Amino acid sequence: MTDEKNKSLTEKLKEKSGKCSNTLGRLMKHLFLPYREMIRGKGITRRWLFTTFSLLGTMIIIIFIISVSLINSFYYNNIKQIIDQRAAVTSDYFAQTAFNSYAAMNENDYRLSAQTFVEGFADKDKMEIQFINGRGTTIVTSSGFEPPAGQPKPDYEEACKNGDHGTWNGLNENNEHVYAVSYILELPNYKGFRAIRMIVSLEPTDSAVRGNIILITAVMLVVLLFISLTSSYFIRSIVNPVKSITDIAGKIAGGDFSIRIQKQHDDEIGDLMDSINAMAAELALSENAKNDFISSVSHELRTPLTAIKGWSETVLMCGTEDEAMIKRGMGIIIKETERLSGLVEQLLDFSRMQSGRMVMNFQMLDIIAEIDDVVFMFAEKARKEDKRLTFYEPEQAIPVMGDRDRLKQVIIIVIDNAMKYSEQGGEIYVYTSVENDTLTIGVRDHGCGIPADQLPKVKQKFYKANTDKGGFGIGLAVADEIIRKHNGEFVIDSVEGEGTNVSIILPIARQNSMIEIASMTENADKKSTESDVKDNA
C-alpha cells in the first residue's frame, strides 16, 4: 500500500515538474523570440538588438574590467602595504635590539637573537617570519619547518641588489600563492647581507577576490537579463504593432478600405494607428464617392445622348414632309447638345481645379449687370416650371475685380440649384448687400433644405445631399474654388424643410488696386492661353 502511495506521489511530482518545465519553456520562448528574429530576420528588430547589445556589451565589459581592477587593487595593495610596513618596522626593531645587546655580532649570536625574536613574535599564526644569514640560507623560521635547500628567494635577491628591501608575489614550493618581502638588516660590526623575511599567504585574499568577482558577474548577468527582458517587451510593443500596421496597410493598398487596426496603447504607435484608420475611412469615402461619381456621370451623359440619338432617328425617318416634327426634333437635339456641352464643361472645370490649372482673368466689371443677365437667362425656365425668380437689384453699380465668366458660372450654379430644389410654385430671391467694402450676393429659396449633418459636406467633391436630383455633385465644389480665388467666401446656410440661403461674399474693387489687378490679369491671360492649349491637346 505504501509503495503504491509513493508511486502515485512520484508520478504527480513528475507531472507537476513537466508542467512547470513546459510553462517555463513557453515563457522563455515568448520572451526571447525577438532575439531569435535578430539572428534569422531583418529590419528594426535586428538593428535595435544589434545596437543595444553592442553598446551594452561594451559597457558591461568596461565596467567588469574596471571593477576587477579596483577589487585587485584594493585587496592586494592593502595586503602589500601592510606587510611592507610591518617588515620595515620589524627589521628596524630587530637591528636596534641586536645593537643594544651585542657590540659585535657573530653567526651564533645572530641565530640566538633570531630564535628569541621568533619565539616572541605575536603574529606567527598570520604570517611566517624568516631570518636569513649572509650566505642566503634560512637559519630560523616561525613555521618550524626548515625550507628546502636551494629554494629561490626572489625578494631576498632583489634586496641584496639594491641594498635595502625586495618583494615577491608568486607560488611557493607547495603551490601556495604567497607574498614575501625581505629587508636587509643593518647589524653592528657585520659586513654581509643578513635579512629578515616575512611571508603571508594570499589564498584567503584570492578567495575574497574571486567571491567579489563572482558577485559582480552575477549582478552583471542579472542586469543583462533584466535589460534583455525589458528590451524584449519594448521591441514586442513596437515591432508587433508595426507588423500589424504593415499587414493592414497592404490590405488597404489592395483596396480593402473596410479593415481597421485595433488600437492598444495611447502613444505614438496608437496615433499612427488612428491616422491609418482615418486614412482608410477617407479612402472608403473617396472610393464610394468615385463610384457614385462614375455612376452619376454615366447617367447624366446617357440622358442627353439618348434624347439626341432618339430624335435624330425620328427626324431621319419622318422625311422632309413633317416640317413641324423636324423643327421640334432639332430643337430638342440642340437643347440636349447644349446640356451635354455644359456637363462636359463642368468636368473640365473640375479637372482644372484638381490639377491647379484653373486660372482667373481678372478685370473691372459691374457685378450687378452680370447677376441681372443670369437672372434674365433663368426667367423663362422659372416661368415654365411655375416658379418665381426675383432679383432685388440695387440702384447703383458695384465694381468688382474678377473673372466675368467664372463669376457668372458661380451665380448660374447657385440659381440652378435653387431652381432644382424648389417645388412648383416656389420662390427664389436674389439680393445684394454692401458692408465694409464687401459685397454679399445672396440666393434664397424655400425648397427642401439640407439636413444639418450633411451641410458641412455639400461643398465636397462628388457629394450630393439629394441623390434624386441630377448632377455630378461637383458644382458647389467648383463654385467654392472660384470664389476662394477671388479672395472671397462661399457660405451655405440651410434648414431642412425650410430652404437654403447661399451667400457669395466678394471684396469691392478699390481704385488704388488697379495697377496690381492689371498685372494679375496679364499673368492670368498667359496661364489661360497655356491651359487652353493643354486642354485642346
Side-chain angles (χ1 to χ4, degrees), residues 257-258 260 274-275 277-297 299-300 346 349-350 353-354 371 374 378 382 385 387-392 407 409-433 435 438-506:
F257 304 129
S258 62
R260 296 293 182 271
D274 288 339
S275 298
N277 287 336
M279 178 190 70
E282 289 296 325
L283 288 174
L285 291 176
S286 298
E287 182 70 12
N288 293 333
K290 182 193 72 173
N291 294 334
D292 292 342
F293 175 70
I294 293 174
S295 176
S296 177
V297 168
H299 174 75
E300 292 294 330
Q346 278 192 34
D349 285 340
F350 178 74
M353 182 186 76
Q354 289 294 99
I371 298 173
V374 175
F378 277 95
E385 296 179 0
K387 299 172 185 177
R388 190 170 69 178
L389 177 61
T390 304
F391 175 35
Y392 295 96
L407 289 177
Q409 180 183 355
V410 172
I411 299 169
I412 289 171
I413 290 173
V414 175
I415 295 178
D416 184 57
N417 278 346
M419 296 276 292
K420 186 186 300 182
Y421 292 103
S422 295
E423 301 294 334
Q424 188 174 3
E427 297 182 350
I428 298 97
Y429 305 102
V430 181
Y431 61 92
T432 60
S433 63
E435 183 178 358
T438 301
L439 167 67
T440 299
I441 305 169
V443 178
R444 170 75 181 177
D445 68 66
H446 296 282
C448 60
I450 303 171
D453 61 330
Q454 298 184 20
L455 189 58
K457 306 176 185 177
V458 293
K459 291 191 288 185
Q460 297 178 2
K461 57 185 179 182
F462 309 139
Y463 188 83
K464 296 172 66 176
N466 190 338
T467 56
D468 295 335
K469 303 295 183 179
F472 296 146
I474 59 176
L476 294 180
V478 172
D480 183 58
E481 178 69 13
I482 292 173
I483 297 303
R484 283 197 300 108
K485 286 185 176 293
H486 283 78
N487 295 322
E489 293 183 67
F490 189 73
V491 182
I492 302 176
D493 298 308
S494 183
V495 178
E496 187 176 10
E498 295 184 10
T500 302
N501 184 77
V502 179
S503 299
I504 303 169
I505 304 172
L506 295 170

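Note that the coordinates shown come from a computational prediction; the quantities given were computed from them, not determined experimentally.
Distance check: K420 NZ to I428 CD1 gives 13.0 Å after rounding to the nearest 0.5 Å. Atom CD1 of residue I415 and atom CZ of residue F378 lie 6.0 Å apart, to the nearest 0.5 angstrom. To the nearest 0.5 angstrom, I505 atom CD1 is 15.0 Å from H486 atom NE2. Atom CD1 of I412 is separated from atom CG of L407 by 11.0 Å, given to the nearest 0.5 angstrom. Between the CG atom of L455 and the CD atom of E496 there is a distance of 11.0 Å, given to the nearest 0.5 Å. The CD1 atom of I504 lies 10.5 Å from the CG atom of D480; values are rounded to the nearest 0.5 Å.
Nearest heavy atoms, T500 versus G449: OG1-CA, 3.7 Å. A418 and S422 make their closest contact through O-OG, 2.5 Å (heavy atoms, listed as atom of the first residue, atom of the second, distance). Counting all heavy atoms, side chain and backbone alike, V491 lies closest to D493 at CG1-OD2, 4.0 Å.
Checked options I492, V502, L476; the residue passing with N417 is L476 (criterion: side chain to side chain contact (heavy atoms under 4.5 Å, CB included)).
Residues passing the side chain to side chain donor-acceptor pair (under 3.5 Å) test with R388 are E427, sequence neighbours excluded. Remark: N501 engages Y431, S503 in a side chain to side chain donor-acceptor pair (under 3.5 Å) (not counting sequence neighbours).
Residues Q409 and V478 have side chains in contact (heavy-atom distance under 4.5 Å, counting atoms from C-beta outward). V414 is not listed as a side-chain neighbour of I441, based on a closest heavy-atom distance of 4.5 Å or more.
At least one donor-acceptor pair closer than 3.5 Å links the side chain of K387 to the backbone N or O of M419. T440 places no side-chain N or O within donor-acceptor distance of the main-chain N or O of T432, the cut-off being under 3.5 Å.
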